[in-house]
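Below: the structure, in structure tokens.
Nothing fancy with the numbering, it's 1 onward along the sequence.
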Amino acid sequence: MNKKYYLFAFLGLIFFLILSFVAFKKSLTPYVPFEYAKKTGSTVQIAGTLEKDSITYDENQSMLEFSIKEKEGKDLIKVHYKGPKPLNFEDATSVVAIGSYDGKYFVAKQILVKCPSKYQGTQRERKYE
């Protein structure tokens, strides 16, 4: 009876470890270049500079459309996001979109924006005596 208990506990532990690994691996979303995002059908993260003149938002459908430019290149990708527009979106210096490419647009499930800090450039140099 003791051996069966240990065997059952060991198998349960192995099952839990495998399940944890699979869940952890699914939660990882790598940053990729735009070209790779266009080729793969899986969920990825892309980052770039927001093209401010490309922003359109339809409040009735909660559809945000914009373009981002790749930082290390001249590639541009159009992003569609269904959801509320972030309050500080127009002030964003860079955007991260998490989603997948559907052949025409990058369909984002989530967007993250980086805005310039209101404290940027206000730091004073300390002088020690």
Side-chain angles (χ1 to χ4, degrees):
M1 181 80 173
N2 237 356
K3 289 182 182 179
K4 288 183 181 180
Y5 174 74
Y6 287 121
L7 180 64
F8 181 71
F10 179 73
L11 291 176
L13 180 65
I14 295 296
F15 176 74
F16 176 73
L17 289 174
I18 291 171
L19 186 64
S20 298
F21 177 75
V22 169
F24 179 71
K25 190 171 181 180
K26 280 187 177 182
S27 70
L28 294 177
T29 310
Y31 279 97
V32 298
F34 290 3
E35 277 301 312
Y36 183 80
K38 290 177 180 178
K39 291 177 185 176
T40 185
S42 60
T43 300
V44 294
Q45 292 188 51
I46 57 172
T49 307
L50 179 64
E51 293 290 304
K52 301 216 186 263
D53 60 343
S54 69
I55 302 169
T56 59
Y57 184 64
D58 183 354
E59 287 187 34
N60 295 330
Q61 296 182 5
S62 292
M63 178 62 76
L64 177 63
E65 296 179 7
F66 59 94
S67 295
I68 55 176
K69 189 175 189 177
E70 197 165 27
K71 291 180 182 178
E72 291 85 26
K74 298 181 181 180
D75 202 5
L76 197 68
I77 195 166
K78 188 151 183 112
V79 179
H80 281 204
Y81 172 69
K82 187 160 181 70
K85 180 174 72 167
L87 296 174
N88 55 354
F89 191 73
E90 284 82 9
D91 299 327
T93 56
S94 65
V95 176
V96 174
I98 303 169
S100 58
Y101 192 72
D102 72 354
K104 192 173 181 183
Y105 303 105
F106 188 85
V107 180
K109 297 177 187 172
Q110 184 178 8
I111 55 173
L112 308 169
V113 295
K114 181 179 179 187
C115 295
S117 173
K118 66 180 180 180
Y119 303 109
Q120 195 172 21
T122 62
Q123 221 174 17
R124 294 184 185 145
E125 187 178 319
R126 273 192 174 168
K127 293 184 180 183
Y128 295 100
E129 297 182 34

query = Who passes ring pair (Phe, Tyr, Trp, His ring centres under 6.0 Å) against F89, sequence neighbours left out?
reply =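 Result, ring pair (Phe, Tyr, Trp, His ring centres under 6.0 Å) vs F89: F66.
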inquiry  = Testing the basics here: between A108 and A97, what is the closest heavy-atom pair and its distance to 0.1 Å?
reply    =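 The pair with the smallest heavy-atom distance is CB-CB, 4.1 Å.
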query = Of all heavy-atom pairs between A37 and F106, which one has the smallest distance, and what is that distance?
reply =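 Heavy atoms only, the tightest pair is CB-CE1, 4.3 Å.
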query = Rounded to the nearest 0.5 Å, how far apart are CD of E70 and OG1 of T49?
reply =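 It is 10.0 Å, given to the nearest 0.5 Å.
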query = Just how far is it from atom CD1 of I98 to atom CD1 of I46, taken to the nearest 0.5 Å?
reply =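 Interatomic distance, I98 CD1 to I46 CD1, rounded to 0.5 Å: 10.5 Å.
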key: Pairs satisfying side-chain hydrogen bond (donor to acceptor under 3.5 Å, both in side chains), at least one member in residues 92-111, at least two apart   =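 Qualifying pairs: T43-K109.
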For residues 76-87, please give each side-chain donor-acceptor pair under 3.5 Å, one per line with the distance, not counting sequence neighbours.
residue : atom : partner : partner atom : Å
K82     : NZ   : Q61     : O            : 2.6
K85     : NZ   : E90     : OE2          : 2.7

message = Show every salt bridge (charged side-chain N to carboxylate O under 4.0 Å, His left out) that has at least one partner inside residues 38-53, sequence neighbours left out.
response =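 Of all non-adjacent pairs touching residues 38-53, those that pass salt bridge (charged side-chain N to carboxylate O under 4.0 Å, His left out) are K38-D75.
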query = Is any side-chain heavy atom of I111 closer than 4.5 Å to a side-chain heavy atom of L64?
reply =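 Side-chain contact under 4.5 Å: yes.
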key: Qualifying residues under side-chain hydrogen bond (donor to acceptor under 3.5 Å, both in side chains), relative to S42, sequence neighbours excluded   =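 Scan of S42 (side-chain hydrogen bond (donor to acceptor under 3.5 Å, both in side chains), adjacent residues dropped) gives T40.
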ask   = Apart from L13 itself, which Ile, Leu, Val, Met, Phe, Trp or Tyr residues share its cluster (side-chain heavy atoms under 4.5 Å, direct or through members)?
value =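 Members other than L13 - counting any ILVMFWY side chain reachable under 4.5 Å - are L17.
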Going hydrophobic residue to hydrophobic residue with side-chain gaps under 4.5 angstrom, can you get from [X] over to [Y]?
| X | Y | answer |
| --- | --- | --- |
| V32 | F34 | yes |
| I68 | Y57 | yes |
| V44 | V96 | no |

